[in-house]
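Below is one structure; the comments refer to it alone.
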Amino acid sequence: MNVLETKYAGLTLRNPLIIGSSGLTKSPAGNRKLEEAGAGAIVLKSLFEEQIELQGDAYLQDASSPEAADYISHYVRANKLEEYLAMIRDTKAECSIPVIASINCSKASAWTDFAVKIEEAGADAIELNVFCLCTDLNTTANTLYELYISILNKVKKRISIPVIMKIGKGFSNIPGLVNQLKLHEASGVVLFNRYYRPDIDIDTMEIVSGEKFSTPNELGDTLRWTAIVSGSVPNISIASSTGAHSAEDVIKCLLAGASAVQLCSVLYKNGIGEVTKILEGLKTWMDDKKFRTVADFRGRLSFSNAANPSMYERAQFMRYFAK
């Protein structure tokens, strides 16, 4: 009999499938259905720092005085935060699997106090989705590293539940960043955040939204860096995210060294029944390969264990054809 249990960021999951933060995880009732479909854990829909600030700015346009502006700003933030805490409490009442809170932020000052309330509300862990799209010509890579570490340190000082960092792939040294996050006691990392994608309508000559959902074609980068990071930075949990759409994709991520795999786009496209389908595919593959537990094969093809790890380092297309 298969044992799908896995350890991720200090949490025990009944299986490696985590539902990524999205509109799918915004309601307690919906989260219960995800658990019933077989999810191993749920990351709640993110609370966006910029969303709160934008909503506050919209109300502030009608403020008649500085005092009114301060009141409105405080009210908008307090109201949004309380709604989020209620979602945590209600989801914990509905679900028995781990519930991970998610904050999308670019600075720590606004979230350290709120992190305490997230823990008090019953969240099993917190995922910090640090958004930083750098357009400043004078900003260096070290500045960005320091931002991530500063946010992690300030939150870690206030809470005892696991803190997971979700990062983008636009770094020159991803293993170096993950190693620094590990040294500063991050409980895990998510590879990767998939940022909003702009597009251009050439008929109206306007900026429009690009494709919202990932495709299986995007899995390659996720596999590459999951394997390299898991082989280079031991003893930190990795959740692979972006491009996983099938049981085969999940198996690949686990072989590369992931402790868990986040699902999102495939559920939007095909429904939450895909969770059950992927779990069945994972079990069938494990039976065929005579693996009893996930630990029996996790990381077999990581950068440190693969017979030919240089395959993960290939960056130039022409090298495939060079003889």
Side-chain angles (χ1 to χ4, degrees), residues 4-49 51-52 55 76-105 110-130 155-156 158-166 187-190 193-194 237 239 241 244 259-268 270-276 278-279:
L4 300 184
E5 184 177 285
T6 188
K7 301 287 186 180
Y8 170 66
L11 305 174
T12 300
L13 278 55
R14 62 181 181 175
N15 65 64
L17 303 187
I18 298 176
I19 311 304
S21 173
S22 63
L24 296 168
T25 60
K26 68 180 181 179
S27 75
N31 293 334
R32 185 183 68 250
K33 290 179 180 179
L34 289 166
E35 177 176 6
E36 291 169 351
I42 291 169
V43 184
L44 298 178
K45 180 176 171 58
S46 285
L47 185 63
F48 281 77
E49 176 183 305
Q51 182 181 33
I52 292 175
Q55 186 172 347
V76 169
R77 177 172 289 274
N79 190 52
K80 281 292 180 183
L81 299 187
E82 181 50 43
E83 286 179 3
Y84 198 78
L85 295 174
M87 180 168 66
I88 295 172
R89 290 189 291 264
D90 292 345
T91 297
K92 286 295 294 181
E94 293 279 355
C95 299
S96 60
I97 59 176
V99 174
I100 302 170
S102 175
I103 301 296
N104 189 297
C105 59
W111 299 111
T112 51
D113 289 339
F114 187 53
V116 176
K117 295 181 179 179
I118 283 176
E119 182 174 27
E120 292 172 347
D124 296 290
I126 182 169
E127 182 181 280
L128 296 178
N129 189 342
V130 181
V155 173
K156 283 284 295 182
R158 301 296 305 276
I159 62 176
S160 60
I161 58 175
V163 179
I164 301 158
M165 302 297 289
K166 189 170 189 176
S187 299
V189 293
V190 182
N193 184 355
R194 189 173 187 274
S237 293
S241 178
S259 298
V261 181
Q262 291 197 359
L263 303 176
C264 184
S265 293
V266 65
L267 307 186
Y268 272 109
N270 301 328
I272 65 173
E274 286 295 302
V275 178
T276 308
I278 289 172
L279 280 176

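- Under the side chain to side chain donor-acceptor pair (under 3.5 Å) criterion, Glu5 pairs with no residue at all, not counting sequence neighbours.
- At distances below 3.5 Å, at least one donor-acceptor pair connects side-chain atoms of Tyr268 with backbone N or O atoms of Gly23.
- Applying the side chain to side chain donor-acceptor pair (under 3.5 Å) rule to Thr91 yields the partners Asn31; only residues at least two apart in sequence or on another chain are considered.
- Of the possible polar contacts, none joining the Thr6 side chain to the Leu13 backbone as a donor-acceptor pair under 3.5 Å is found.
- The backbone N or O of Lys45 lies less than 3.5 Å from a partner atom in the side chain of Thr25, making a donor-acceptor pair.
- When the salt bridge (charged side-chain N to carboxylate O under 4.0 Å, His left out) test is applied to Lys156, no partner is found at least two apart in sequence or on another chain.
- Judged by distance alone, the side chain of Glu119 and the main-chain N or O of Ile161 form a donor-acceptor pair under 3.5 Å.
- Using a 4.5 Å heavy-atom cutoff, the side chains of Ile18 and Val190 are not in contact.
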Chi angles and distances behind the side chain to side chain contact (heavy atoms under 4.5 Å, CB included) call for Ile126, Ile159: CA-CA 10 Å; Ile126 182 169; Ile159 62 176; 3.7 Å; yes
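- Judged by distance alone, the side chain of Ser237 and the main-chain N or O of Ala9 form a donor-acceptor pair under 3.5 Å.
- The shortest distance between side-chain heavy atoms of Tyr8 and Pro98 does not fall below 4.5 Å.
- Applying the side chain to side chain donor-acceptor pair (under 3.5 Å) rule to Ser21 yields the partners Ser46; only residues at least two apart in sequence or on another chain are considered.
- Judged purely by atom type and a 3.5 angstrom limit, Glu127 has no side-chain atom pairing as donor or acceptor with the backbone of Ile100.
- With sequence neighbours excluded, no residue forms a salt bridge (charged side-chain N to carboxylate O under 4.0 Å, His left out) with Asp90.
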The test is salt bridge (Lys or Arg N to Asp or Glu O under 4.0 Å); show your working for Glu94 and Lys33 and say whether it passes. CA-CA 10 Å; Glu94 293 279 355; Lys33 290 179 180 179; over 6 Å; no
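- Distance alone, capped at 3.5 Å, places no donor-acceptor pair between the Ser187 side chain and the Ile164 backbone.
- Partners of Asn193 under the side-chain contact (heavy atoms from CB on, under 4.5 Å) rule, at least two apart in sequence or in another chain, are Asn129, Lys166, Tyr195.
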